[in-house]
Each structure stands twice: as C-alpha cells, then as structure tokens.
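For reference, the structure discussed in these notes is given below.
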Amino acid sequence: MSDKVIIFDTTLRDGEQCPGASLGVKEKVEIARQLARLKVDVIEGGFPIASPGDFEAVQLIAEQVRGPVIAALARSTEQDILRAAQALKPAKRKRIHVFLATSPIHMQYKLRKAEEEILRQAVWAVGLARKHADDIEFSPEDASRTEPRFLHQVVEAVIKAGATTVNIADTVGIAIPEQFGQLIAGLKMHVPNIARAVISVHCHNDLGLSTSNSLAAVKSGARQVECTINGLGERAGNASLEEIVMAIKTRADFFHVHTDVETTQIYKTSKLVSALTGMVVQPNKAIVGDNAFAHESGIHQDGILKLRETYEIMKAEEIGWQASRLVLGKHSGRHAFSERLKKLGFALKKEELERAFTQFKTLADKKKEVFDEDLIAIVEEETTTIPEAFRLEYVHTTSGSETVPTVTIRLAHAGKTLEQTSTGDGPVDACYKAIDRITGLKGELSDYGLRAVTSGKDALGEVTVKYRVKELEVTGRGTSTDIIEASAKAYVNAVNRVIYRRGAKPAKEERAAITP
Ligand code: KIV
Ligand code: ZN
C-alpha cells in the first residue's frame, strides 16, 4: 500500500482570511460537516483568539463534527494557546496549531527578536500546547524565506518539545517547485529526529505555484498538505484541495501516494463553499470550474465521442459532477451536432441534417452557446416541408426613441430578388408592411407572440404569428437572436403556408402585385 498524504483543510481559517469571504458561525459549521463528508483528515476550524465568532465556530465544530481531527490556530503566546485549547475541549480528536515566524525579515521587523529568542519561544509554546493536547502542529511562519540552517534547528527543537507535525509554510508564495522540494528533502537529511513528526506544507498562491509547490514537497517526502476548497485564502489564496487531491489520484503512477478523500464529494463541497462565501469560482478553474469538463472544439468533441480519454484525464463523475459536456458553439463540428440531435430524438435525412447544420453554424456565430432548445427550434424549422415560395434574404431595421421605425426587406421569389422598404408604428409593423408590399397578399395578422427559446441575453427568440387571408388562417414560426428577423421569418413562413394551402401559387391579383 502506498503512503497516505494527510489532507489538512484550512478553508475555515486561512480560506476565510480571503478578502470578502467572511463566514458566519452557522455557515462554518455547515461547511465543516461537508468537509467531514469529503473525508478530509484535519479541519482547521479557525483562530479562536481572533474573535468571539471564531472561538464559537471552533467550539461548535469541535462539539458537532465527528471524523476528522479538529484543529485551532494559535500564535506562540499563552493567551492564544489557552484560548485554542478551550475552544477545542469538546473535540474527540483535537490539534493545537502553533506558529511563529522564523525568517530574518519577520524576526527583525515584525517580531524584533533574535534567533535564540525565537527558538526559545517556539519550544516553550509547543511545550505549553502539549499540556492541552497530544496532537501538536508547529509552523515556522515564512519558512521558505528562513535560513535553512535555522529552520533545521527550529524544527529539531520543536519536535523534541513534542510537536507531532511540522508545517513548512510558504507564507508569501515565493517558492519555486524544485527549490521547495529541495527544502523538504533538506529537512529529511539534516534534522536528526524528523522521522518522529509528519512533514506538512502550507503554500500560498502569489505566483500561481501553490499546487505545484505542494506536490513537489510531496514528491520529496511531505505527508501532509494544507489546502482550501476552491483555493481560497489570504491574498491569492492557498493550494486548492481539489487540485492536490485529484493530482495525487490521477497521477498515482508518478506520486505513489494516496489520500482518503471521498472525491465524489468535491463538486458539492466546492459549490457549498462558493455559495456561502460568495466567492465565485472562475469558469476555467481546474477540477471545479464550469468549463473543467466542457469541450467546444470540433476536433476535441469528435475525439471525445470516439474515446473519452482522447481529451479527458479525469471523469467528471469522479468529483461528483455530471458527465462531461459537449458545448455546441461555433467551433463544433458535424459529429457532435448530429450526436446531440440523435440524443434529442431527431432522425434527420442527410440533406435535412446539412441544412440544419448550416443554420446551427449561422446561429453559433451570433450566440456563444447553442442550447438544446435552440437545436429543437432549428430542426423544427428545417424539417417543415412547406415549399418556400418566398425566402427571407435580408432584413434591415432602423428604429429608436426619436426615429420613425423603418424596415427594408429582401425576399427571394421565383429566381428573383424583391426588395421593399416601409415605415410603421413599430419595427414589426414596418417589417410586415414591407413584406406585404412584396408578396401583395392582403391578409391580416390575428395574433403575434414572442418568447425566448433559451436563456441569457443572447437567447434565441421564437416568434409565432397567426395570419389570416379571407377564411384561411395559418400559423407561422421563425427563430433568430434578432427579434425583427424572427418576426420576418415567422410572417414569411405564414405567407408560404397560405400559398401552399391555396394550391401552390399566389392568387392572380397577388401574382400581379409581386411583379417588380
Ligand atoms: O501562511 C502562513 O504562514 C500561515 C501559518 C499560520 C501556517 O497561514
Ligand atoms: Zn497561510
């Protein structure tokens, strides 16, 4: 069996330090329960000295959440450690997480203490924490900017004092994977008692390297990774839990380690954290972003349809999401288009499919994503067998609050192109008058309806008209992202139905009218 990497989730502590992501006590408990379902090993519930709310949250989590170890953060001071210990009292399994900065810049400017004082304080703090819990984590803050010699000294001393985990923090996110891996390897080499503690890492994402740094550390022997859901955290955030866990799972061949995380809970946890913190996940975020399992390119869609693994290294189902999505858009090809139509229950003939595909491409040029409802509208329009006595070629609309609505329409008819311009009470009225002038049909519009077939600002609009010529009433339909164009298509469709129903040709007086 491979080594286990302990997953220490700090969404509720470091994650909550993310500007704009403050959580109430109730929300923190709800997230902690979900983290337990996700089967993380450690939940850092908060920093009890920071506020009464933080204290209460840690206490409630310690009381109510079972399974993971519950950790609380403390500076290396008596007050902090006692407060953390008090908040953790109800926990079945608890950990006090003590930290103290060890880098020259932090020691000199922030703490104004020399190395010897820091060393003494760290040992004293771990000793005090050990009186309240057996499980003690010590973090040399800003470890990645700490002199390796001093880091080794501190780590050895805190392990001797009773620390069971030593957490190497890349506090400012400055580390580079190769270098960070060497730092961990250096600890294994130069700290004589290192085997008595778990080496942990805590990487920030200021250079976008938090996941890579954490994984480089794992490769060098770190066996705990601190991370957060959706990569939340101070400034640019922390290493994202979902990336760490899925990288270890997907590349087990390389890392030769495992985690106990229930990966099918990842998506749900990400959604919950995003909803409760109000921090939206970017669409192209690895693993949990909206686009993580969506394919738009025609080449990729074709590959996926032939064998999923051609373009996917993980299954969406592994993280508890629905199957990968083929997004139909302008880059999609015939294969994905016809597969989707089959799924929607349409069996089109070759020529119908070609026509529908052309329509789809035209629509996809205007609209980012073509939804199933769009396809249904396209296919229904394309598969009507009404001969097109008139075909809409062009619509041009001028309208506005200070402008007389004017519409120019061009229709193809019997090998000719006929064009008329008309004004009207509104652009739809102007459009219909222009069409009437071309066709010469003297009908009346008995009903007009417009609905958005799909969602979003670029939704496809469907216009339905009821059109009556003498005793004959027909229904015409047209769709477009432009409602005047949809209106024109619906009206022309109705005109064609009238002509078809009356015996293939316009009546005599109408034929006269359509001659330019
Ligand atoms: O970034 C950091 O150094 C921390 C420590 C408290 C571990 O969050
Ligand atoms: Zn941090």
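Read the numbers this way: they start at 1 and go in the same order the structure lists the ligands and their atoms.
- Residue contacts with ligand 1, taken as heavy atom pairs separated by less than 4.0 Å, do not involve Glu234 at all.
- Counting only N and O atoms by type, the side chains of Glu339 and Gln301 include no donor and acceptor under 3.5 Å apart.
- Protein heavy atom nearest atom 5 (C) of ligand 1, with residue, atom name and distance: Arg13 NH2, 4.0 Å.
- The residue from Val58, Thr77, Ile49 that alone fulfils the side-chain contact (heavy atoms from CB on, under 4.5 Å) condition with Arg83 is Ile49.
- Remark: at the Zn ion (ligand 2), atom NE2 from His204 and atom NE2 from His202 enclose 100°, rounded to the nearest 10 degrees.
- Annotation: Asp14 places an N or O atom under 3.5 Å from an N or O atom of ligand 1; distance criterion only.
- Near His204, with a cut-off below 4.0 Å to any heavy atom, the atoms of ligand 1 are 1 (O).
- Under a 4.0 Å N-O distance rule, the pair Lys285/Glu243 qualifies as a salt bridge.
- Of all protein heavy atoms, the one closest to atom 4 (C) of ligand 1 is His202 NE2, 3.5 Å.
- Close approach of ligand 1 to Ala169 (heavy-atom distance below 4.0 Å) involves ligand atoms 3 (O).
- Residue Glu141 approaches ligand 1 through these ligand atoms, each under 4.0 Å from one of its heavy atoms: 3 (O).
- For ligand 1, the atoms sitting less than 4.0 Å from at least one non-hydrogen atom of Ser139 are 7 (C), numbered in the order shown with element in parentheses.
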Kindly determine whether Ser139 and Asn167 satisfy side-chain hydrogen bond (donor to acceptor under 3.5 Å, both in side chains), including the steps that lead there. CA-CA 5 Å; Ser139 292; Asn167 179 42; 2.9 Å; yes
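- Aromatic ring orientation, Trp321 versus Tyr267: parallel (interplanar angle below 30°, classes split at 30° and 60°).
- Within the 4.0 Å heavy-atom criterion, the part of Asn167 lying near ligand 1 is the side chain and not the backbone.
- For atom 3 (O) of ligand 1, the nearest protein heavy atom (residue, atom name, distance) is Thr171 OG1, 2.6 Å.
- Using a cut-off of 4.0 Å between Lys/Arg side-chain N and Asp/Glu carboxylate O, Asp302 and Arg334 are scored as not salt-bridged.
- For the residue pair Thr264 / Glu262, a side-chain donor-acceptor distance below 3.5 Å is found, with atom types taken as modelled.
- Other residues, nucleotides and ligands contribute over 12 non-hydrogen atoms within 6.0 Å of the CG atom of Leu450.
- Because the distance cut-off is set at 2.8 Å, Asp14 qualifies as a neighbour of the Zn ion (ligand 2) through one of its N, O or S atoms.
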